[in-house]
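Okay, so here's the structure we're looking at.
From a predicted model like this one, the values you see are computed outputs, not experimental measurements.
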Amino acid sequence: MPLIKIDMLKGRTKDEIKSILDISYRVMLEAFEAPEGDRYQIVNQHEDYEMQILDTGLGVERSDQVLVFTLVTRPRTETQKTNFYHNLVSALNTQLGIRTEDIMISLVENTDSDWSFFNGKAQFLTGDL
């Protein structure tokens with residue numbers, strides 16, 4: 001049940017943003033074996049001065065098309081994580097031409113008690129989910 005947050009610079013078209021959302025959703029479903037309809041995505045668009053995504057000493061040159069994916073998710077295996085990273089970058093590059101160097105991904109793990117979907121209840125703990 002990942003919550004996918006995507007940060008990007010302003011300037012992409014609505015269709016491109018929709019494609020990024022659709023691709024990341026499909027890749028997540030496959031990599032994490034999540035159920036269809038488990039879709040929680042938020043796009044944040046920023047001015048160019050609001051995002052500084054440097055290379056951490058790896059020699060990566062970023063462009064103004066940089067995307068930062070943050071997924072809040074239950075614990076996943078290393079295989080699931082690495083498959084997600086690879087498949088997401090590959091799909092975005094192949095389908096939308098986004099440079100692989102411009103895609104950064106971070107997974108933030110949490111547990112069932114960290115989720116409330118509505119009414120102030122922990123649906124995973126109450127058995128509703």
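Here the side chain of Asp55 pairs a donor or acceptor atom with the backbone of Gly59 at under 3.5 angstrom. A donor-acceptor distance shorter than 3.5 angstrom exists from the side chain of Asp114 to the backbone of Thr111, with no hydrogens or angles considered. Of the possible polar contacts, none joining the Tyr85 side chain to the Gln80 backbone as a donor-acceptor pair under 3.5 Å is found. The backbone N or O of Ser63 lies less than 3.5 Å from a partner atom in the side chain of Asp102, making a donor-acceptor pair. Although no hydrogens or angles enter the test, the distance criterion places a donor-acceptor pair under 3.5 Å between the side chain of Asn93 and the main chain of Ile98.
Judged by distance alone, the side chains of Gln95 and Ser19 never bring a donor and an acceptor atom under 3.5 Å apart. Remark: the Thr79 side chain and the Thr77 side chain contain no N/O donor-acceptor pair separated by less than 3.5 Å. If you check the side chains of Arg12 and Gln65, you find a donor sitting under 3.5 Å from an acceptor.
The OG atom of Ser90 lies 9.0 Å from the CD1 atom of Ile103; values are rounded to the nearest 0.5 Å. Atom OG1 of Thr70 sits about 10.5 Å away from atom CD1 of Ile42, to the nearest 0.5 Å. Interatomic distance, CG of Leu9 versus NE2 of His46, reported as 8.0 Å (0.5 Å rounding). In this structure, CG in Leu107 is found 15.0 Å from CZ in Arg74, a value given to the nearest 0.5 Å. Rounding to the nearest 0.5 Å places CG of Leu67 at 5.0 Å from CZ of Phe69. Rounding to the nearest 0.5 angstrom, the gap separating the OH atom in Tyr40 from the CE atom in Met28 is 10.0 Å.
Remark: Asp128 does not engage Lys121 in a salt bridge, criterion side-chain N to carboxylate O under 4.0 Å. Using a 4.0 Å cut-off between a side-chain N of Lys or Arg and a carboxylate O of Asp or Glu, Glu101 and Arg62 do not qualify as a salt bridge. Under a 4.0 Å N-O distance rule, the pair Glu109/Lys81 qualifies as a salt bridge. Ion pairing between a basic and an acidic side chain is recognised when a charged N comes within 4.0 Å of a carboxylate O; Arg39 and Asp22 show such pairing.
Between Leu88 and Ser24, the closest side-chain pair of non-hydrogen atoms falls below 4.5 Å. When side chains are defined from C-beta on, Gln45 counts as touching Ile17, because their heavy atoms get closer than 4.5 Å. Considering only heavy atoms from C-beta on, Val66 stays 4.5 Å or farther from Met8 through its side chain. With a 4.5 Å cut-off on side-chain heavy atoms, Leu129 and Phe117 count as touching. Proximity of Ile20 to Ile6: side-chain heavy atoms (C-beta onward) are separated by under 4.5 Å at one or more points.
Cluster membership check: Ile4 shares its hydrophobic cluster with Leu96, using side-chain heavy-atom separations under 4.5 Å among Ile, Leu, Val, Met, Phe, Trp and Tyr. A single hydrophobic cluster is seen to contain both Val89 and Leu21, as judged by linkage of ILVMFWY side chains at heavy-atom distances under 4.5 Å, directly or through other members. Under a hydrophobic-cluster definition in which Ile, Leu, Val, Met, Phe, Trp and Tyr are linked whenever side-chain heavy atoms come within less than 4.5 Å, directly or via other members, Leu58 and Met51 are assigned to different clusters. Using a 4.5 Å cut-off between side-chain heavy atoms of Ile, Leu, Val, Met, Phe, Trp and Tyr, with links allowed through other members, Tyr25 and Leu92 fall into the same hydrophobic cluster.
The minimum heavy-atom distance between Ile105 and Phe84, with the atom names listed, is CG2-CE2, 3.9 Å. Taking all atoms of both residues into account, the shortest heavy-atom contact from Trp115 to Leu3 is CH2-CB, 3.9 Å. Of all heavy-atom pairs between Pro2 and Asp38, the closest is CD-OD2, 4.2 Å.
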* Applying side chain to side chain contact (heavy atoms under 4.5 Å, CB included), run through Leu71 and Val108 and close with a yes or a no. => CA-CA 6 Å; Leu71 281 77; Val108 179; over 6 Å; no
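For the pair Arg76 and Phe32, the cation-pi criterion (under 6.0 Å, within 45° of the ring axis) is fulfilled.
Surrounding CD of Glu47 are more than 12 heavy atoms belonging to other residues, nucleotides or ligands, all under 6.0 Å away. The environment of NE2 in His86 is sparse: at most 12 heavy-atom neighbours from other residues, nucleotides or ligands sit within 6.0 Å. Heavy-atom neighbours of Glu30 CD from other residues, nucleotides or ligands within 6.0 Å: at or below the threshold of 12.
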